[in-house]
Chemist: 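One structure coming up, written as structure tokens, with questions to follow.
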Amino acid sequence: MQKTGSDITKEVFIGGVMNKKLVVVKLGTSVLTAGKLHLNKPRMVDIVRQCVELRENGYKVVIVSSGAVAAGRSQLPTPIGNSVSEKQMLAAIGQGQLIHQWQSLFGLYDVPVAQMLLTRADVEHRERYLTAKDTLTQILKHDVVPIFNENDAVATAEIKVGDNDNLSSLVAILANADKLILLTDQVGLFTADPRSNPDAELITQISEIDDSVKSLAGDSGTSLGTGGMATKLQAAQIAQRAGIETIIAKGSETNILVDVLNGEALSTRVLKFNAPLEGRKKWLLSGPKSTGTIICDFGAVEALTCQGASLLAKGIIGVNGVFTRGDLVTLSDSDGKVFAKGLCAFDNQELEQIKGLHSQDIAKQLGFGLSNVIIHRDDLVMFNS
Ligand code: GLU
């Protein structure tokens, strides 16, 4: 795809020298409330002080702040339940207070802030994604601190990201960040639950998030999963594929942000994959939701993984889900291991008819010739680069 002039400017600014020092800091509700029911001002002051210090050391800081629901809850005199619409109401009440707190605390240092509220729909469409990226570029160019949250009040189940860990990885891609720091109430990921197992060890570095790593996070609310370690690993995996390092660390530690960036904090670091992805492929990782799966034979997996090939009909052995032309689909091998994502040039019914065929037989089978390639290399993101 041809880049437009404004695309190129954006990438030079966000993707040039500056991104080496661009960090996205995600603050969970437990960090911002210090485990209580209200926003904890001293905690927020301390985070602001550290962000200002980072800025003085040449970093650009982007914040993803939870806490709207908690802030909303603390403002109402009567207890409120946990239904979706009640939480949406609380977010609508609390978001104003949340941004006001950030604004007044950063204001102590004469640092302006900007509120950015997103849903998945805002990153799913390429044009809206680029608009959000444009706005973010301007915010950063003017040395303002962008503060992101999910636009909970209007986010229906279909369009919401759902948790701010995943949202922060999408923001990190949008910002072309170098690092994503997930501050939480735990030091990082452990080999077992440190609260019940004295032999549990902190995993300080992860190079690949495979099933054995995922199993350590457990389900939400149990063992190490409390504090949402599973969603943190999901976020780290998205970031890793986009060439962004993720650090999971404890938000209550003094000077944690500065120490993390100096490599001096106890934490879990998820290393980035090295092959840099061009902008459009990063968007493919963060943006559209996959609506189907194409199962590839061994030869196709090999050609796509090792030879930089496009996907041809010949290598397809199965098709799951319902999708139309241009939709995002996942690619898996015959054992169900997902290894890539890409924009498919055919819908699922057409693929059912042409799977396994040689390219030259596609037009005859379908009665029309669209393309010989099912997913072009330029529309494909591999997961293990
Ligand atoms: N957006 C929610 C809030 O501001 C938080 C969601 C999350 O922490 O994952 O309260």
Side-chain angles (χ1 to χ4, degrees), residues 24-41 43-44 47 62-76 79-103 105 113-123 132 145-174 180-186 189 217-221 224-239 246 248-252 286:
V24 173
V25 178
K26 185 263 169 176
L27 302 152
T29 301
S30 64
V31 172
L32 293 175
T33 59
K36 303 268 164 44
L37 294 175
H38 303 252
L39 291 177
N40 184 292
K41 238 181 173 176
R43 177 64 59 78
M44 292 176 80
I47 286 160
V62 174
I63 290 178
V64 177
S65 172
S66 302
V69 172
R73 207 179 281 286
S74 71
Q75 281 186 67
L76 291 184
I80 305 293
N82 267 325
S83 71
V84 173
S85 60
E86 282 168 313
K87 283 211 273 198
Q88 285 180 307
M89 172 193 73
L90 292 173
I93 297 168
Q95 182 61 32
Q97 196 200 359
L98 185 64
I99 204 71
H100 172 71
Q101 293 285 13
W102 286 123
Q103 198 165 37
L105 296 178
V113 302
Q115 172 176 264
M116 292 281 283
L117 298 179
L118 295 182
T119 62
R120 181 174 286 285
D122 298 308
V123 287
V145 175
I147 301 184
F148 283 82
N149 196 356
E150 179 131 44
N151 197 354
D152 292 310
V154 299
T156 56
E158 294 76 42
I159 63 161
K160 72 178 172 196
V161 179
D163 67 85
N164 277 8
D165 292 323
N166 275 289
L167 179 73
S168 68
S169 63
L170 308 187
V171 169
I173 291 175
L174 195 68
L180 168 62
I181 304 177
L182 302 175
L183 290 188
T184 182
D185 53 4
Q186 296 179 44
L189 183 69
D219 295 329
S220 184
L224 307 189
T226 32
M229 210 43 88
T231 52
K232 283 177 184 56
L233 291 179
Q234 284 164 10
Q237 192 167 40
I238 294 170
T246 300
I248 304 168
K250 190 165 184 170
S252 59
S286 69

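Order of appearance sets the numbers: ligands from 1, and atoms from 1 within every ligand. Start at 1 with the first residue, then count along the sequence.
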Chemist: State whether a side-chain donor-acceptor pair under 3.5 Å links N82 with R73.
Modeler: yes
Chemist: A side-chain contact here means heavy atoms from C-beta on lying under 4.5 Å apart; do L98 and S65 qualify?
Modeler: yes
Chemist: Specify the closest pair of heavy atoms between E150 and T119, including all atoms of both residues, with the distance to one decimal.
Modeler: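 Scanning both residues, the minimum pair turns out to be OE2-CA, 3.8 Å.
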Chemist: Any atom of ligand 1 sitting under 4.0 Å from a heavy atom of G67?
Modeler: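 For ligand 1, residue contact (heavy atoms, under 4.0 Å) with G67 is present.
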Chemist: What is the closest protein heavy atom to atom 9 (O) of ligand 1, and at what distance does it sit?
Modeler: N164 N, 2.7 Å
Chemist: Considering the heavy atoms of D163, write down every atom of ligand 1 situated less than 4.0 Å from one of them.
Modeler: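 Contacts of ligand 1 toward D163, numbered from 1: 9 (O).
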Chemist: Which residue supplies the protein heavy atom nearest to atom 8 (O) of ligand 1, what is that atom called, and how far is it?
Modeler: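 Here the nearest protein heavy atom works out to S66 OG, 2.8 Å.
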Chemist: Would you say the side chains of Q88 and D152 form a donor-acceptor pair under 3.5 Å?
Modeler: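 Per modelled atom types, Q88 and D152 side chains form no pair under 3.5 Å.
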Chemist: Looking at atom 10 (O) of ligand 1, what's its closest protein heavy atom, distance included?
Modeler: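 Residue, atom and distance for the closest contact: V69 N, 3.0 Å.
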Chemist: So L90 and L76, do their side chains get closer than 4.5 Å, heavy atoms only?
Modeler: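 Sidechains of L90 and L76: in contact.
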Chemist: State, yes or no, whether a side-chain contact exists between P146 and V113 at a heavy-atom distance under 4.5 Å.
Modeler: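 P146 does not reach V113 side chain to side chain.
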Chemist: Please work out whether any backbone atom (N, CA, C, O) or any side-chain heavy atom from C-beta onward of N149 is under 4.0 Å from ligand 1, and answer side chain, backbone, both or neither.
Modeler: side chain
Chemist: Would you kindly specify which portion of D152 sits under 4.0 Å from ligand 1, judged on non-hydrogen atoms: side chain, backbone, both or neither?
Modeler: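 For D152, the contact with ligand 1 is made by the side chain alone.
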